[in-house]
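First comes the structure, then the notes that go with it.
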Amino acid sequence: MSGMERCRVMLEAARIIREQREEIATMETINNGKSIFEARVDIDISWQCLEYYAGLAGSLAGEHIQLPGGSFGYTRREPLGVCVGIGAWNYPFQIACWKSGPALACGNAMVYKPSPFTPISVVRLAEIFTEAGVPKGLFNVVQGGAATGQLLCQHPDVAKISFTGSVPTGMKIMEMAAKGIKPVTLELGGKSPLIIFSDADLENAVKGALMANFLTQGEVCCNGTRVFVERKILDTFTKEVVKRTQKIKIGDPLLEDTRMGALINRPHLNRVQGFIKQAKEQGAEVLCGGDLYVPDDPKLKNGYYMRPCVLGNCKDDMTCVKEEIFGPVMAILPFDTEEEVLERANATKFGLAGGVFTRDIQKAHRVVAALKAGMCFINNYNVSPVELPFGGYKSSGFGRENGRAAIEYYSQLKTVCVEMGDVESAF
Ligand SMILES: NC(=O)c1ccc[n+]([C@@H]2O[C@H](COP(=O)([O-])OP(=O)(O)OC[C@H]3O[C@@H](n4cnc5c(N)ncnc54)[C@H](O)[C@@H]3O)[C@@H](O)[C@H]2O)c1
Ligand SMILES: C[N+](C)(C)CCCC=O
């Protein structure tokens, strides 16, 4: 298909998703356990992503380059072929759109494997693509776990792998990709810093800290879980964060006023609570939450609910400050100077995201320029306009999703050199 034809089909898919927003969001809530309130936002980001790449599909082009003697060259932006997408369980539908959007816009096919913990909503996406006119077999869903993922990565017909998941799995994916000389996009974990200066708008900073920690039960790769607070405002900020955290409505994720649903499964809930236990043993203070939450509704009493947790008295060398918890656990860390906080913020193997709250515009830009992270926020956190590239530094991965940047990762350049004169042979 031409770029314009692909554009039309993708716009139709975006339209169907928009039209079926409520049904898909409900399915996603059942799939993952996140609140319906948030699932709706995920679905909106998903159709926006398809719409955005539909817009780019028709404008993909190479360049024309003039050479001496009237000769010239040109480049063609060509698809890679069959791309494999492997997704995590925290944003099942959205991750599938972040991968299939640019992949299909560039003219590739995609075989997508969702996490076995959230297998359902991406099947609906495949149906929607078909309804919209995507040719049969162009977007495929294969269900399974690690073994299935490995087979896909090792398949000789696969041209590219785009993976979202943990750092340990990312390493394995990269090894398999290396054996087949396949390009790979790795969207991995994080332990991102959020820096609150004393001149920040306190109301916004508090809201930002909650956004940075408690969306999707805290199971968010780019969460700003190390909240560095300038000592002057530590007490006021902490008091307000704790007060608001305690007010988060937990429970049946399908209810309109619920803002925190259930964690993904029992082993993960136990793991998150294990981090909190260890934090206490290492000297952190639980300022609120961290315990199990049992909803009144008897049918939910065995659900994987916990109260969102704020940890005080944290130190940089504690496990809860160094490791990705992937649950609703915020660590608050005081700081005194800009230089000090930057050094501490960057002292991590991860580099997915980072944020700063301040009214000083020069300081804000200076700080984000110094942060070693792929996605930085000034005076907000965890918003995701599809126009902006998203991806990590260091162990958080490489390659980018969203924005024009993703086109580079789903296409390849062919150069054509055209001779307009005679061949000057060396022989
Ligand atoms: N950077 C991002 O955009 C982003 C987004 C969401 C989640 N994440 C990260 O994902 C992690 C949580 O997700 P998870 O628990 O699903 O991660 P995971 O690494 O356990 O699994 C991710 C996917 O990889 C598959 N998989 C597992 N082993 C495999 C193997 N050997 N070969 C091929 N595929 C394999 C799984 O079945 C799943 O589909 C967190 O670390 C989180 O930070 C990152
Ligand atoms: C939409 N968020 C909140 C920015 C999450 C992006 C995907 C990371 O887990």
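Position 1 is the first residue of the sequence; numbering continues from there. Values in this document were obtained by computation on a predicted structure and should not be read as measured data. Read the numbers this way: they start at 1 and go in the same order the structure lists the ligands and their atoms.
- One finds no salt bridge joining R271 and E323 here, because no Lys/Arg side-chain nitrogen approaches an Asp/Glu carboxylate oxygen to under 4.0 Å.
- The only option from L138, L80, V82 that meets the side-chain contact (heavy atoms from CB on, under 4.5 Å) definition with N108 turns out to be L80.
- Set against the non-hydrogen atoms of G87, the atoms of ligand 1 under 4.0 Å away are 22 (C), 23 (C), 38 (C), 39 (O).
- The one candidate from P253, P328, S35 that meets the side-chain contact (heavy atoms from CB on, under 4.5 Å) condition with M260 is P328.
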Q: Go through the steps to decide whether K239 and K243 satisfy the test side chain to side chain contact (heavy atoms under 4.5 Å, CB included), and finish with yes or no.
A: CA-CA 6 Å; K239 222 170 114 196; K243 196 173 96 191; over 6 Å; no

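- Of all protein heavy atoms, the one closest to atom 13 (O) of ligand 1 is A88 CB, 3.4 Å.
- Residues V184 and I173 meet the side-chain proximity criterion, which asks for heavy atoms closer than 4.5 Å.
- You'll find the ring centres of F197 and F335 inside the 6.0 Å limit.
- When each atom of ligand 1 is checked for a heavy atom of L352 under 4.0 Å away, the hits are 1 (N).
- Of all protein heavy atoms, the one closest to atom 12 (C) of ligand 1 is F326 CE2, 3.5 Å.
- When all heavy atoms of G354 and A373 are compared, the pair lying nearest together is N-CB, 4.2 Å.
- The protein atom (non-hydrogen) at minimum distance from atom 16 (O) of ligand 1 is W89 CD1, 3.0 Å.
- We find that E338 and K363 are not joined by a salt bridge, their nearest charged nitrogen and carboxylate oxygen being 4.0 Å or further apart.
- Among all heavy-atom pairs drawn from I250 and G261, the shortest one is CG2-O, 4.3 Å.
- For ligand 1 and G145, the ligand atoms under 4.0 Å from any heavy atom of the residue are 37 (O).
- Ring centers of F390 and W98: under 6.0 Å apart, within the cut-off.
- The shortest separation from a heavy atom of A147 to ligand 1 is not under 4.0 Å, leaving the residue out of contact.
- Nearest protein heavy-atom neighbour of atom 8 (N) of ligand 1: C221 CB, 3.5 Å.
- Within a 6.0 Å sphere centred on CG of D257, other residues, nucleotides and ligands contribute more than 12 heavy atoms.
- The proximity of V220 to ligand 1, defined as any non-hydrogen pair under 4.0 Å, does not occur for either the backbone or the side chain.
- Taking only non-hydrogen atoms, the option from M171, Q150, Q143, K113 nearest to atom 31 (N) of ligand 1 is Q150.
- Residue, atom and distance of the protein heavy atom nearest to atom 35 (C) of ligand 1 are T169 CG2, 3.5 Å.
- Within the listing of ligand 1, atoms 37 (O) sit less than 4.0 angstrom from a heavy atom of P116.
- A salt bridge is absent between E175 and K179: the closest approach of a Lys/Arg side-chain nitrogen to an acidic carboxylate oxygen does not fall below 4.0 angstrom.
- For atom 17 (O) of ligand 1, the closest heavy atom belonging to the protein is S166 N, 3.4 Å.
- Applying the 4.0 Å criterion to heavy atoms of P114 picks out, from ligand 1, the atoms 39 (O).
- Distance check for atom 19 (O) of ligand 1: a protein heavy atom is found below 4.0 Å.
- Taking a 4.0 Å cut-off on heavy atoms, E401 fails to register as neighbouring ligand 1.
- With respect to E240 and R244, a salt bridge is recorded, a charged nitrogen being found less than 4.0 Å from a carboxylate O.
- Salt bridge annotation for R124-E23: present, with a cationic side-chain nitrogen under 4.0 angstrom from a carboxylate oxygen.
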(Q) If you apply the rule side chain to side chain contact (heavy atoms under 4.5 Å, CB included), what do you find for V321 with K315, and how did you get there? (A) CA-CA 7 Å; V321 177; K315 305 275 178 308; over 6 Å; no

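- Each of W89, F117, F275, Y304 was scored for a ring-ring contact (aromatic ring centres under 6.0 Å, His included) with H268, with one residue passing: W89.
- Close contacts between ligand 1 and F163 involve ligand atoms 19 (O), 22 (C), 23 (C), 24 (O) [criterion: under 4.0 Å to a heavy atom].
- Within the structure, the salt bridge (Lys or Arg N to Asp or Glu O under 4.0 Å) test picks out the following pairs touching residues 39-53 (sequence neighbours left out): R18-E51, R21-D44, E22-R40, K34-D42, R40-E256.
- Among all protein heavy atoms, the one lying closest to atom 25 (C) of ligand 1 is I86 CG2, 3.7 Å.
- Taking all heavy atoms of E324, Q94, M375 into account, the minimum distance to atom 41 (O) of ligand 1 is reached by E324.
- With respect to the salt-bridge test (charged N to carboxylate O, under 4.0 angstrom), the residues R8 and E5 do not qualify.
- Distances between N or O atoms of F390 and those of ligand 1 include no value under 3.5 Å.
- When each atom of ligand 1 is checked for a heavy atom of G189 under 4.0 Å away, the hits are 41 (O), 43 (O).
- Per-residue contacts place I173 under 4.0 angstrom from the following atoms of ligand 1 (heavy atoms of the residue considered): 32 (N), 33 (C), 34 (N).
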Taking a 3.5 Å cut-off between nitrogen or oxygen atoms, can you list every pair linking ligand 2 to the protein, with distances?
{"unit_1": "ligand 2", "atom_1": "9 (O)", "unit_2": "N90", "atom_2": "ND2", "d": "3.0"}
{"unit_1": "ligand 2", "atom_1": "9 (O)", "unit_2": "C221", "atom_2": "N", "d": "3.2"}

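- Considering only non-hydrogen protein atoms, atom 9 (C) of ligand 1 sits nearest to G165 O, 3.1 Å.
- For atom 22 (C) of ligand 1, the nearest non-hydrogen atom from the set L151, T118, T164 comes from T164.
- Residue-level proximity to ligand 1 for E219 is absent, since no heavy atom of it falls below 4.0 angstrom.
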